[in-house]
There are 2 protein chains.
Amino acid sequence: MKQHLIITIGREYGSGGREIGEKVAAALHIPYYDRKIIDLAAQKTGFHADFIENEEHRITGSFLFNIATGGYPIGVGQPMGLSLTDQVYRAECEVIRKIAAEGSCVIVGRCADYVLRDDFTCFNLFIHASFDRRCERIMAEYSLSRDKAAESIRKTDKNRTRHYQYYTSRGWGDAQNYDMTLDSGRLGIDGCVRIITDTVNML
Amino acid sequence: MKQHLIITIGREYGSGGREIGEKVAAALHIPYYDRKIIDLAAQKTGFHADFIENEEHRITGSFLFNIATGGYPIGVGQPMGLSLTDQVYRAECEVIRKIAAEGSCVIVGRCADYVLRDDFTCFNLFIHASFDRRCERIMAEYSLSRDKAAESIRKTDKNRTRHYQYYTSRGWGDAQNYDMTLDSGRLGIDGCVRIITDTVNML
């Protein structure tokens with residue numbers, strides 16, 4: 001890689017975005033961050049990592065809910081106090097900016113494309129696949145029935161959509177928000193890794 | 001290319017999707033179809049090519065309008081008679097299926113990804129770029145002022161969105177509808193061509 005570049009990856013649940021991110025980071029010899037951001041935010045806030053993981057997706061989409069729990073949506077008015085969910089988001093933003101400043105890396109999820117948009121050169125990706133392909137992957141990975149896997153995908157994608165829209169005011173998975181989006185079911189995990197690394201090396 | 005493959009390209013106005021399509025077709029030594037579909041539909045229907053081009057984007061998004069003009073949205077109930085816009089769409093669908101059956105090719109626009117989804121192996125792409133980049137391209141290509149270029153982009157994208165949603169019930173530019181989407185402003189026209197040809201040769 002010729003430059004200080006942050007590769008961000010948004011991904012549908014079960015699309016293999018995490019595995020793609022890990023393999024891209026390994027191929028480019030740069031650090032990979034996913035759950036490690038939770039651990040770093042835990043150190044920063046004093047919250048337990050499990051608590052942070054739970055709070056990450058507690059967005060209800062309701063303005064009143066966030067006021068009731070002590071916060072306002074980021075960017076709306078002057079926050080009088082931040083909800084726990086917003087405190088977790090802010091801590092994660094600080095962690096993301098700190099690791100991005102340290103050098104090139106791959107960051108999966110956590111609105112990193114949006115958080116870093118003004119101050120870093122990013123290559124923003126979104127990975128998706130058909131519902132059936134994702135079901136098969138989740139069934140195999142977690143030994144779940146088809147019904148349980150499908151339920152898990154619907155719930156997780158709903159949470160990710162709400163979380164992304166709440167903090168970025170953008171549509172999750174809208175092509176216009178990303179430099180490249182790939183269907184991992186069609187192109188394969190290793191196919192996606194090859195396309196991404198070839199492209200990043202071309203930039 | 002190892003197989004009979006149809007490369008379809010949806011594109012934001014001013015993103016360079018047409019130029020990318022032409023260069024991909026030339027690199028892969030396969031035919032390129034864009035406006036030629038209008039001429040072929042004109043031969044088929046007896047309508048003038050200019051009339052077809054005008055009708056292509058006369059979707060109002062109003063169910064009542066289409067009934068009033070003699071048609072029903074495709075796939076909704078049993079059509080008693082087709083509006084002129086629907087007749088043009090049907091003629092273009094037949095042309096698209098015929099050219100797809102003849103061999104590998106590149107088809108730009110006209111919902112080809114949707115039209116061919118059940119009967120052909122396709123590689124479906126969507127090309128986009130920032131509004132500013134597209135403005136610059138349209139200004140240079142058609143010697144327009146910034147205001148005129150911006151107006152032209154807004155109008156054309158609105159028509160394309162309506163047309164695609166009306167005939168496919170899908171969101172135009174939703175990553176999930178495509179195998180790959182690319183930001184041509186970020187990756188460059190020739191960069192996109194290289195990524196696409198490398199990927200297609202990998203399939």
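Small disclaimer: the values here were computed from a predicted structure and weren't measured. In what follows, chains are A, B, ... by sequence order, proteins preceding strands, each numbered from 1.
Counting heavy atoms from C-beta outward, T199(A) and R194(B) have side chains that stay 4.5 Å or more apart.
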Discussion item. Go through it in stages, so that I can follow the logic: the residues are D174(A) and D174(B), the test is side-chain contact (heavy atoms from CB on, under 4.5 Å), and I'd like the CA-CA distance, side-chain angles, deciding distance and then a yes or no.
Written reply: CA-CA 5 Å; D174(A) 286 356; D174(B) 287 354; 4.0 Å; yes
Worksheet item: Under the side-chain contact (heavy atoms from CB on, under 4.5 Å) criterion, do Q176(B) and F126(A) qualify, and how do the steps go?
Response: CA-CA 10 Å; Q176(B) 285 84 348; F126(A) 186 79; 4.0 Å; yes
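Heavy atoms of M180(B) lying under 4.5 Å from chain A belong to its backbone as well as its side chain. Heavy atoms of F123(B) lying under 4.5 Å from chain A belong to its backbone as well as its side chain. I195(B) touches chain A through its side chain: at least one heavy atom from C-beta onward sits under 4.5 Å away, while N, CA, C and O do not. In this structure, chain A has a heavy atom under 4.5 Å from the side chain of T121(B), while its backbone stays farther away.
The backbone N or O of Y178(A) lies less than 3.5 Å from a partner atom in the side chain of H128(B), making a donor-acceptor pair.
The candidate from N177(A), D179(A), N124(A) with the greatest count of non-hydrogen atom pairs under 4.5 Å with chain B is D179(A).
L203(B) approaches R186(A) most closely through the heavy-atom pair CD1-NH2, 3.8 Å.
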